[in-house]
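Quick caveat: nothing in here was measured; it's all calculated off a predicted structure. Naming convention: chains lettered A, B, ... in sequence-line order (proteins, then strands); numbering from 1 in each chain.
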Protein chains: 2
Amino acid sequence: MSKVSPRRTDPRTHTALIEIAAALLATEGPQALSTRRITAEAGTSTMAVYTYFGGMSGLVRQMVHEGFQRLQGHLTAVRSTFDPVADMALLGRAYRMNALANPHLYSVMFGGASLSGFSLTDDDRQHGRYTLTSVVECVANCVAAGRFADADVAHVAHQMWMATHGLVTLELGGYLAAPLDGEALFDPQLVALMVGAGDRPDAAARSVRASRRRIERELTAQAG
Amino acid sequence: MSKVSPRRTDPRTHTALIEIAAALLATEGPQALSTRRITAEAGTSTMAVYTYFGGMSGLVRQMVHEGFQRLQGHLTAVRSTFDPVADMALLGRAYRMNALANPHLYSVMFGGASLSGFSLTDDDRQHGRYTLTSVVECVANCVAAGRFADADVAHVAHQMWMATHGLVTLELGGYLAAPLDGEALFDPQLVALMVGAGDRPDAAARSVRASRRRIERELTAQAG
DNA sequence: ATTGTTGCATAACAGCGATATGTTTAGTAC
DNA sequence: GTACTAAACATATCGCTGTTATGCAACAAT
């Protein structure tokens, strides 16, 4: 049982490969993702992809996991306030902004876009389902505050997720042409669903509208 | 000015290539779509793809157009009845069934899944937007029948489309695990949106539930 | 210093879409 | 009926892809 610790991998190369791949995916799209492009920009040989990730699929998987983590970070960054309906609007908007900021990555994460032979495993999807936990909590807050009808919380959260996901994916697919763009459709969509969830129409519209100030404040704070 | 009509293409080979490609996409997924696989099964050389479609992108584009045509056929097959809200539920269900029957094709049509270098053009998307016309008409019927509030018809139709599209894409992506599968979520999702569109909650739930008989009848009629 | 284990570069392989080149074939003109 | 033309199509090839076999270099343990 001789324990031999041979040459170790360089963690900087590991992160560099992921970052280069993510940048390539974001700027030039899925077509540009190739072992040769990535490793050339990283200054290594194509073998690095295999020693560090076991292949192209492994690298894509790491990117997807980071994408899930970033999304979750954006969602948990939305604080719970006295107005849970406005919180819900902010959650949806954060979800949409994250998707618009990384459209190709979002497609791989949720759209099922097969990228270089990569396909989601059930384990990967489990990371993605954490998306829902923030929404479930928010719906529970809405019910607790007496704003939503006391329906199945998980069902309502799924409705919110599906509606926002549908809006985002159609928008990314280019199917929401001006002047009916995603921004103009986002509020009515959320309001309609909230009304369906038991909120009174005028209250839902008012609270979504009222959340705009928080939204703009947080966006400018993030940019500055 | 001698008019010479040279050798013409064989329309049977044309349709055969598309059908083989569609079958391959449906059974083995996007990875199986290659000029060599398709032409080998068709008994021709790879050049056939280029003479008939100008390349792989052209063949995929033809498949997508046929997919749009079939979807439109399924939607227009939903007849308008005295209950436009139930019609809306049937429209959504037809949309979902068509997507579940051809998941990979649906991803290419709406998910923006880049397939062998193919990407949708604005012209292609215009075919896809015809999806909305059936929904717009149905919403207009709902408003005319006094079932929906007199809001922007196009906005409401977009909401219906986005919600159904979101449910379908998440379902295709494997994100709706049992027991919260798409079937269990479909009705609540539609009811919530219809309530948000101005329908009374109990009436919306009742009409969606009432449409089940028509749905089952038409499905069994289609199967038999 | 020797040895064992691993990182990683080089070169190669099978498969991909696309193309250049040559052959075959169908349709017209005479 | 024959000659001609232009497109259909096959063959071979190119540059690209992910992947792998091979070999060498580097580092830890003994």
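Within the structure, side chain to side chain donor-acceptor pair (under 3.5 Å) contacts touching residues 59-70 of chain B (residues at least two apart or in different chains) are Arg61(B)-Asp124(B), His65(B)-Asp124(B).
Not counting sequence neighbours, Phe186(B) has no partner by the ring pair (Phe, Tyr, Trp, His ring centres under 6.0 Å) test. Applying the side chain to side chain donor-acceptor pair (under 3.5 Å) test to Asp123(B) and every residue at least two apart in sequence or in another chain returns nothing. Listed by chain and residue number, nothing satisfies the ring pair (Phe, Tyr, Trp, His ring centres under 6.0 Å) test with Tyr50(A) (two or more places apart in sequence, or in another chain). Partners of Arg129(A) by salt bridge (Lys or Arg N to Asp or Glu O under 4.0 Å), not counting sequence neighbours: none found. Listed by chain and number, the residues in a salt bridge (Lys or Arg N to Asp or Glu O under 4.0 Å) with Arg79(A) amount to none (sequence neighbours excluded). With sequence neighbours left out, the salt bridge (Lys or Arg N to Asp or Glu O under 4.0 Å) criterion links Asp187(B) to Arg93(B), Arg212(B).
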Expected list for residues 95-104 of chain B: side-chain donor-acceptor pairs under 3.5 angstrom, two or more places apart:
residue	atom	partner	partner atom	Å
Tyr95(B)	OH	Tyr106(B)	OH	2.6
Tyr95(B)	OH	Trp161(B)	NE1	3.0
Arg96(B)	NE	Glu171(B)	OE1	3.0
Arg96(B)	NH1	Glu183(B)	OE1	2.9
Arg96(B)	NH2	Glu171(B)	OE2	2.9
Asn98(B)	OD1	His74(B)	ND1	3.3

Could you pull out all donor-acceptor pairs under 3.5 Å where a side-chain atom in residues 35-42 of chain A meets a protein atom, sequence neighbours excluded?
residue	atom	partner	partner atom	Å
Arg37(A)	NH1	Glu28(A)	OE1	3.4
Arg37(A)	NH2	Glu28(A)	OE2	3.0
Arg37(A)	NH2	Glu41(A)	OE2	3.3
Thr39(A)	OG1	Thr35(A)	O	2.6
Thr39(A)	OG1	Arg36(A)	O	3.3

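The phosphate of dC9(D) (OP1 or OP2) has no side-chain N or O of Tyr50(B) nearer than 4.0 angstrom.
As rounded to whole Å, 15 Å separates atom P of dT25(C) from atom CG of Asp10(B).
Of all the residues in residues 38-49 of chain B, Met47(B) reach under 4.0 Å from DNA chain C with at least one non-hydrogen atom. For DNA chain D, the residues of residues 54-62 of chain A within the heavy-atom distance limit of 4.0 Å (strictly under) are Gly55(A), Met56(A), sorted by number. Shown for residues 17-36 of chain A: residues whose heavy atoms fall under 4.0 angstrom of DNA chain C, namely Arg36(A).
Looking at heavy-atom distances under 4.0 Å, Tyr52(A) makes contact with sugar-phosphate atoms alone, never a base.
Using a 4.5 Å heavy-atom cutoff, the side chains of Leu172(B) and Phe110(A) are not in contact.
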